[in-house]
Amino acid sequence: MERIRLRVALAAIVIVSILTACVPIEPGAGNGEAATRSQTSSSSEPSISSSLDTSKYENVWVKAIEEVENDGRSLLRVAYPFTEHEEINARMEAVTQVFIDEYRRTAAEIEASYQEYKAETGREAATFVTHFRQHFDVSAADESLIFFDLVRSINTGGTGNAYVVGYIFDRRSGAELALPDLFVDESYLERLSVLTREALAQRVSKEELASDLDWVEDGTAPTAANFDNILLRTDDGTFLVRFDKYQVAAGVEGDVEVALPLVDIADLLKPEVRELLGIEREAEQSGTGGIETDAGYAEAGMVFAFDGARNLANLAGLSTAFPTAHSLAGPGVGLLQMFGAGRQDSLLSDESVNCQEVACVALTFDDGPSFYTDGLLDILREHDVRATFFVLGTQVRIQSETVARMFREGHQIGNHTWDHPNLTNMPDEQIQEQLRLTDDLIVQLIGEPTPFLRPPYGAYNDRVLAASGLPIIFWSVDPLDWRDRDAAIVAARIMEAPVGAIILAHDIHKSTVDAVPAIIDALRGRGIAFVTVSKLFEPEELHAQNVYKRQPDLPAEQ
Ligand code: NI
C-alpha cells in the first residue's frame, strides 16, 4: 500500500514538473501564455495551456491541459497518456474529455451561483473552489498489453473526493479489454470475494478501516460490478483490488485498496496474462495458498461494536432529548425571538404525522449551509416538507441566518463538526472541540444544542462514539450526489428509497437542490411522508453511542 501510494505520488510530481516546465503548444485564444497563470486579484481571464511531453514509460507520452479561471477559484489540471496506437489515444482522450466537460460545467455553475448569491443578498457566503485534477500511471505493460490508471481528484467545496480508474488495452489491436477478459472464466469473482473479505475483515477488527462486517460483505459479494477495478502489477507480485468510495467502508477511506499476492489468483488468469505478470512458475509452486483461511472468516466474530453499547450512565442527559421546532423551551427563547423563530403556530408543522401509522422517510442534507440552501428552504416550504440538516460550524458562522431560518421552518439541525475532519484520526479532546464549537454557535442561534452527530465521511469508531456522547445518524440511501451532478440521476436514485430510509444528500450541490421537487412528488406519490430524523424514530428515543441507519419498524407504503 505504502509503496503504491509513493509511486502515485511520484507520478504526480513528474507530471507537475512537466506542466510547469513545458511550453504551451496550443494556447487558448490570446490567453495561454505562462505569464497569465499568475493571478491578479481583479482578473477573471481564463489561463489555458496544453502540452505533449515524454513520460518515464517507453512509447508513452504525456498530454497535459491546464486551465485556471475565476481568480483561481476554478482550476483544471489533467494529464493523460498518448501512445503509438491511435485507438488507445482516442479512448483516453474521450474519457478525459468527459472529465474536462464535467469540470467546465461544474466550475461555471458554482461560480454563477456564487456571484448570484452575492449580488442578491449583498452578503458573504462561503466561496467554493472547483479543482479537478487527473494524472496517470502505467501499472503493467509489455508489447501485447498495457494497464493505465487514471488518478483523479475533485474538490468543489468543503469536501474533496479522489478516485482511480483502470484501463487495459491490447497494444497490437488497440482494443480495450474488460477485466473478465483476463481470466479463464467467471470463477475469479468467487475467489476475489473470499480473499478481499478476509483482508478487509481483518482491517475492520484492528480498527484500521472505518467500516463493519455487513458493509464489507455487501461490497465484496461475488459480482462483476463489485470487482470492476483490479490492477495486476508486474513489479512486486501483487494485485490490487480497488473498491469505490463507500463500497466497503466509510467515505473518509476514499477508494479502499486491497493488495494480495498474485499467486492467489494465478490459476484463474489466462496464460498470456500470467506471462505478462511473470508469475507462471510461482503459481505452479504455491498454488492457491491464500484462500484456505476462508473458514476463519465466519468464525472470527469480528463485529464492529456499536450495537448494545448503551453505557449511558455517564452520558445521561446529553443526548436523549430531541429538540425540534415543536419543543422550544428554556434559555434559548430570547435569541429565537430575535430571529423571529418563536412562531409555534407555524403552518409547516409536521406534528400530525405519526410514522407508526404512515410510511415515512427522513431527507437529510450535509455540509451546508451554502449559497444554495436558502433556495432549498424555499422548495421545502412550498411543499410543506421537513428535513434534517447536518451543518458545519465554519458554514454556520458565515450563514447563521440560514440556520436560524431552518429551525424556524421546522427542520432539524444536527452536528457535522466544525470543519469536516476525519474524527477517527483525532484525540478525544479534539473530537469534542469539533462538536462544541459548532454547538456553541447553534445554541446562540436556536437555543438548543444539536441532538445528534453525523461524522464527516461517515467515519466513526468506538472512540468517536464514546467521545461524542451523541447518537450517530448514518444513512441507508446514498444517491452519490457528490459524484453525479445531475438532478435527474440524483432524483431517480432517491425516488427508490424504501420506507424508513434515512436519505443522504448535500445542500452544497445545485444539482441536488434541483432534484428535490421531483423527489418530493415521487415519494409523496407513493404515500410516503417526509419527517425529521427524530420524528422518524418516535416514540423511540435515540441513544448516545448508538448508530442509526434507518427505521426498520415502519408500516409499508399504501
Ligand atoms: Ni460531509
Side-chain angles (χ1 to χ4, degrees), residues 106 110 125-131 153-163 210-211 215 244-247 249-255 362-373 376 387-399 402-403 406 411-426 430-431 433-435 437-439 441-442 450-461 464-465 468 470-485 490 493-494 502-513 515 533 547-549:
T106 306
I110 288 178
T127 58
F128 294 161
V129 296
T130 308
H131 289 184
S153 69
I154 298 176
N155 192 330
T156 54
T159 58
N161 292 290
Y163 62 100
S211 184
W215 204 338
D244 291 342
K245 187 169 175 173
Y246 292 111
Q247 185 177 341
V252 68
E253 305 286 357
D255 288 359
L363 197 50
T364 70
F365 296 95
D366 287 12
D367 297 353
S370 82
F371 44 78
Y372 299 122
T373 308
L376 172 60
T388 303
F389 289 85
F390 291 92
V391 297
L392 293 171
T394 50
Q395 310 282 102
V396 176
R397 185 176 52 175
I398 299 165
Q399 282 184 250
T402 307
V403 176
M406 285 172 186
H411 306 292
Q412 198 165 20
I413 298 165
N415 204 320
H416 198 42
T417 73
W418 179 252
D419 60 1
H420 212 273
N422 173 5
L423 296 177
T424 62
N425 288 341
M426 286 188 154
Q430 278 183 38
I431 293 172
E433 176 89 339
Q434 279 282 333
L435 304 185
L437 285 170
T438 300
D439 248 0
L441 286 183
I442 298 285
T450 51
F452 37 58
L453 164 68
R454 175 169 285 160
Y457 313 100
Y460 62 89
N461 53 24
V464 171
L465 286 173
S468 73
L470 292 174
I472 285 186
I473 308 301
F474 214 79
W475 57 84
S476 59
V477 171
D478 178 1
L480 299 174
D481 63 331
W482 56 269
R483 190 185 70 193
D484 298 312
R485 307 293 175 81
V490 171
R493 288 174 183 157
I494 293 179
I502 298 176
I503 300 163
L504 173 68
H506 296 83
D507 53 327
I508 58 171
H509 303 312
K510 183 169 188 299
S511 43
T512 300
V513 173
V533 166
V547 178
Y548 299 86
K549 298 186 176 181

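Start at 1 and go down the list; that is how both ligands and their atoms are numbered. Note that the structure is predicted; figures quoted are calculated from it, not measured.
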To the nearest 10 degrees, how large is the angle at the Ni ion (ligand 1) between His416 NE2 and Asp367 OD1?
-> 80°

If you round to the nearest 0.5 Å, how far is CZ of Phe389 from CG of Asp366?
-> 10.5 Å

Would you check if the Ni ion (ligand 1) lies under 2.8 Å from any N, O or S atom of Asp366?
-> no

Indicate yes or no for a side-chain donor-acceptor contact from Thr394 to the backbone of Trp418 under 3.5 Å, with no hydrogens or angles considered.
-> yes

For the student: nearest non-hydrogen atoms of Tyr460 and Ala210, plus distance = O-CB, 4.1 Å

Got a donor-acceptor contact below 3.5 angstrom from the Arg454 side chain to the His416 backbone?
-> no

Mind checking whether the Ni ion (ligand 1) has an N, O or S of His420 under 2.8 Å?
-> yes

